[in-house]
Amino acid sequence: MLAAMAASALLPARAVAFKPKARLVVVGGGFAGATLARFVKRLSPETSVVLIEARDHYVSCPMSNLVIAGQRSLASQTFDYQGLEAAGVDVVRDMAIDVDATKQRVRLHGGAIMDYDRLVLAPGVMLNFEQLSGFSEQAAQKMPHAWQAGSQTILLRRQIEAMPDDGLVVISVPAAPYRCPPGPYERASLMASYFKQNKPRAQVLILDSNERFSKQALFQQGWKRLYGDSIRWQSASNDGRVIRVEPDAMRLHTDFATYTPDVANVIPPQQAGLIAHRAGVADASGWCPVNGLSFESRLQRNIHVIGDAAIAAPMPKSAFAANAQAKVCAIALVRLFRGLSPESTVLANTCYSFLEPESAISISGAYLTQDDQFSSIAAAAGASPLAPPAGLQAQEALHAADWFRAITQETFG
Amino acid sequence: MRCRLASALMLGLVISGQLQAAEGALTQSASQAAVCSGCHALAPGASVPSLQGLDALTIEEQMLALRRADGQTAMHRLINAYDHAQIRGIAKVLAQNAFGQGERIP
């Protein structure tokens, strides 16, 4: 008996598989999906992790407003998936086109069917071109959105370079929620910074479908100080909501006015990526309600949604939030695979925005995750001071650059 | 029969022992600490403090000092989300880098 015990005690645990290894399928290789795939593999090397991503490269939206301002190259925004492959993630270059939540299967564009024990959808946003009258993917070749980075970013950069020295740029902002709440206002800041150096008479007009915006007081104070009156903002109630566009004539219509700018940056309304709708995890809002502890869909079992597509309000739709949610979801998934319940935790977010290439401001929040909600921790919420001590905004610009370096290394390797 | 039962029990102990070792990476402290690497995984020399080579007590003391300091960076705000016990747990995980494989970014 003792001999038997000793012998079995020496058996390595791996030799005694009680159940087949868990199969995790992740759809979407952005800040959420790529981080999640890496972390699950790191926490649980025995789990089979498949990442489905159609693109060879990921082009990051964070920092891309600096590309539009001519301060960064698109190459510095571009990441491949070799780091994930090296980490043991099976990267499948295809597009997930359908999910059978009952049979727990994903169907790929190329015809393959993948079975999963748990599915993580991290599809990011889908641009709802048709929600803005006159706008379309084709129209975005004339009125770029540049809200998915890549050729659109370069197009907008070229347009502001080519426009007349006293030209007008209109940025049309959709109704919230949309990806990167401070993004349009950072973009206005960095365009104005470029104009200040190169076209001092050029103007930026923000036509907004919202009444207020992230870091509003900080932005508006910064605009006044750095750019005088060259950035103007019109709220929705001040006839700021763009309701129709005519790309060929370069016209944008609000309820009471028509604008004919030299450059129109039209950011369309957004909702969760298409696969989330196919999988039945998006609700009538177009976004995906999730459990706060596990990010499991409230609408379909064994499907988790993280990143921009998920409803995690009051967390914003940011790369920082997507990366943080992915790590917490990875821990929850490995716990579930081992028969343990997911636990409450504290998530955090910080969004840096550049006022000019060497000055930035930030807003941050921490969030208690609970079964039924995410709640902001009041003591940790806040933004940069309106009267910053000397050097703080320069320091925050360095923090922003280091954040980007750290998060992209962590996400893509 | 008893023999088999005993060996099965022993096997269970061995396996649960191994799982528990790995479960250090699956605790509440580990999930709270997981957020940190979004900024702090860089090597020393960056504008964001590096956590490389720091022991748990040092990290805990630095986090507590940050809570008392009146600086105005994002971290001076975020630190207020955590009580002392949470800070101690996070510091321990960060010192062990228990959620990762000791990967460091050059």
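Residue numbers begin at 1 in each chain, while the letters A, B, ... track the order of the sequences.
- For A:I363, the part lying near chain B is the backbone, with the side chain staying farther off; criterion is any non-hydrogen pair under 4.5 Å.
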Exercise. Apply side chain to side chain contact (heavy atoms under 4.5 Å, CB included) to the pair B:Y82 and A:V346, showing each step before the final yes or no.
Key: CA-CA 8 Å; B:Y82 310 99; A:V346 176; 3.6 Å; yes

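- Looking at A:A383, only its backbone comes within 4.5 Å of chain B, counting heavy atoms on both sides.
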Exercise. List the steps and the verdict of side chain to side chain contact (heavy atoms under 4.5 Å, CB included) for B:Q28 and A:T345.
Key: CA-CA 6 Å; B:Q28 279 185 303; A:T345 192; 5.7 Å; no

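- Across every non-hydrogen atom of B:Q72 and A:P389, the tightest pair is OE1-CD, 3.1 Å.
- Annotation for A:S384 and B:R77: closest pair N-NH1, 3.5 Å, computed over non-hydrogen atoms.
- Side chain of A:D402 to backbone of B:S47: a donor-acceptor contact under 3.5 angstrom is found.
- Taking CD of A:E396 as the reference point, atom OG1 of B:T73 lies at 7.0 Å (rounded to 0.5 Å).
- In terms of heavy-atom proximity, A:A379 sits nearest to B:N80 at O-CB, 3.3 Å.
- If you take OG on B:S31 and CD on A:E343, they are separated by 7.0 Å, rounding to the nearest 0.5 Å.
- Atom CD1 in A:I377 sits 9.5 Å away from atom CG in B:L78 (nearest 0.5 Å).
- A:F39 approaches B:S37 most closely through the heavy-atom pair CZ-OG, 4.5 Å.
- Between A:F320 and B:V35, some side-chain heavy-atom pair lies under the 4.5 Å cut-off.
- Between chain A and the residues B:S29, B:C39, B:C36, B:G71, the most heavy-atom pairs under 4.5 angstrom are made by B:C39.
- Only the side chain of A:T350 has a heavy atom closer than 4.5 Å to any heavy atom of chain B.
- Counting non-hydrogen atoms of other residues, nucleotides and ligands closer than 6.0 Å to CD of A:Q82 gives a total of 12 or fewer.
- For A:L392, the part lying near chain B is the side chain, with the backbone staying farther off; criterion is any non-hydrogen pair under 4.5 Å.
- In this structure, chain B has a heavy atom under 4.5 Å from the side chain of A:Y352, while its backbone stays farther away.
- Heavy atoms closer than 4.5 Å to chain B are found nowhere in A:T411, neither backbone nor side chain.
- Taking the side chain as every heavy atom from C-beta outward, B:L26 and A:R338 approach each other to under 4.5 Å.
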